[in-house]
Trainee: 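Could you have a look at this structure, given as structure tokens, before my questions?
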There are 2 protein chains.
Amino acid sequence: MHALMTSAPCTCTKLRRSARTLTALYDEALAPSGLTTPQFALLRTLDRAGPCSLTAFAERTGHDRTTLSRTIGALEAQGHVRFEAGADKRSRAVSLTEQGSAAIARALPCWSQAEDRIEALLGPDRARLFAILDRIEALPV
Amino acid sequence: MHALMTSAPCTCTKLRRSARTLTALYDEALAPSGLTTPQFALLRTLDRAGPCSLTAFAERTGHDRTTLSRTIGALEAQGHVRFEAGADKRSRAVSLTEQGSAAIARALPCWSQAEDRIEALLGPDRARLFAILDRIEALPV
DNA sequence: CCGATATACGTGTATATGCACGCACTGATG
DNA sequence: CATCAGTGCGTGCATATACACGTATATCGG
């Protein structure tokens, strides 16, 4: 009775594997820019969000706050972002440096190349994929 | 001219974020079993594949071989898998221990619970998602 | 049989990720 | 104003992930 179940594929594992494959593709495309895919995504999000507390940023990107504490820390060490005083003495506001903006500009054509390749591969299914992933992200965890 | 492009969402980032969300869901469901989602997936794959070299296993799961060298190493330390002599003096064969089989059996109902939840959330879109992810995984990287 | 190439593997290093925990500061309450 | 719950953060620890590189073994050509 459980025979089918125990051999059924795992949605999570499937998604994780695809994410690895896709990340390799994007990382290769982004390599000339010196940014990884997550780093590029963080910088671009920051560019749109403007100066931002870590907690707000984490909520926006769906990361754990302590994860950002380090990934953003690496971006700061590379000079792509800067920390300024926040509203409180508790909080810090992250903002993009000029170097960070330049890195985004440099990386954009690389990223477009990868994105175009996915667009060519998936066509209209890309929008369907996004819609399905939206439902997953909306899950109450 | 580039205004639209620069604000377009990134397929890779989207997929990565969904993978994080889904992993949190599965990890929570699997917590009573003491296994993480990747560990559960590895054990189950090993159960199906039978004793297997690391390289063959890596090809099957789509991981880098050196990644498995460590994740499998952790499973060995926990007693879930065992290394035996391979065909060569070079290679080692990984195989499931009885404890590993027991861990799978213990984890299966937990996993089913998570999987059922996704099935309920996505319905027929789950199969569409799989089809799209298959195309991504088939990418020549 | 010997040397070159190919194969199977591990390790050093680095990023990405998140949980548990603790610290500093803020704001409300009595 | 003294206290205490709540908020914003960082760090210790652990897993997952992969690239660059080195090592051991195998295999093939001459």
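To find a chain, count down the sequence lines: A is the first, B the second, and so on, and within it residues start at 1.
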Trainee: Just how far, in rounded Å, is P of D:dA18 from CG of A:L25?
Mentor: 14 Å
Trainee: Counting C-beta onward and ignoring hydrogens, is there a side-chain heavy-atom pair between A:P9 and B:R126 closer than 4.5 Å?
Mentor: yes
Trainee: Roughly how far, to the nearest 0.5 Å, is the OG1 atom of A:T36 from the CG atom of A:D27?
Mentor: 6.0 Å
Trainee: Write down the distance between CG (B:L30) and P (D:dA16), rounded to a whole number of angstrom.
Mentor: 12 Å
Trainee: Can you measure A:D27 atom CG to D:dA20 atom C1' for me and round it to whole angstrom units?
Mentor: 16 Å
Trainee: Could you check how far CG of B:L35 sits from P of D:dT15, rounded to whole Å?
Mentor: 12 Å
Trainee: Determine whether B:R65 and B:F57 satisfy the following criterion, side-chain contact (heavy atoms from CB on, under 4.5 Å), listing intermediate values before the conclusion.
Mentor: CA-CA 8 Å; B:R65 180 188 52 76; B:F57 200 67; over 6 Å; no
Trainee: What's the separation between atom CZ in B:R20 and atom CG in A:D64, rounded to the nearest 0.5 Å?
Mentor: 10.0 Å
Trainee: May I have the distance from B:F40 (atom CZ) to D:dT15 (atom P), rounded to whole angstrom?
Mentor: 19 Å
Trainee: Is B:E115 reaching over with its side chain to a backbone N or O of A:T11, donor-acceptor style, under 3.5 angstrom?
Mentor: yes
Trainee: Working to the nearest 0.5 angstrom, can you tell me the gap between B:L22 CG and A:T13 OG1?
Mentor: 9.0 Å
Trainee: Reading nucleotides 8-18 of chain C from the 5' end, what letters show protein touch, with B for base, S for backbone sugar-phosphate only, - for no heavy atom under 4.0 Å?
Mentor: SBBBBB--SBB
Trainee: Can you measure B:L75 atom CG to D:dA14 atom C1' for me and round it to whole angstrom units?
Mentor: 14 Å
Trainee: Could you tell me how far apart A:I72 (CD1) and D:dC9 (C1') are, to the nearest whole angstrom?
Mentor: 14 Å
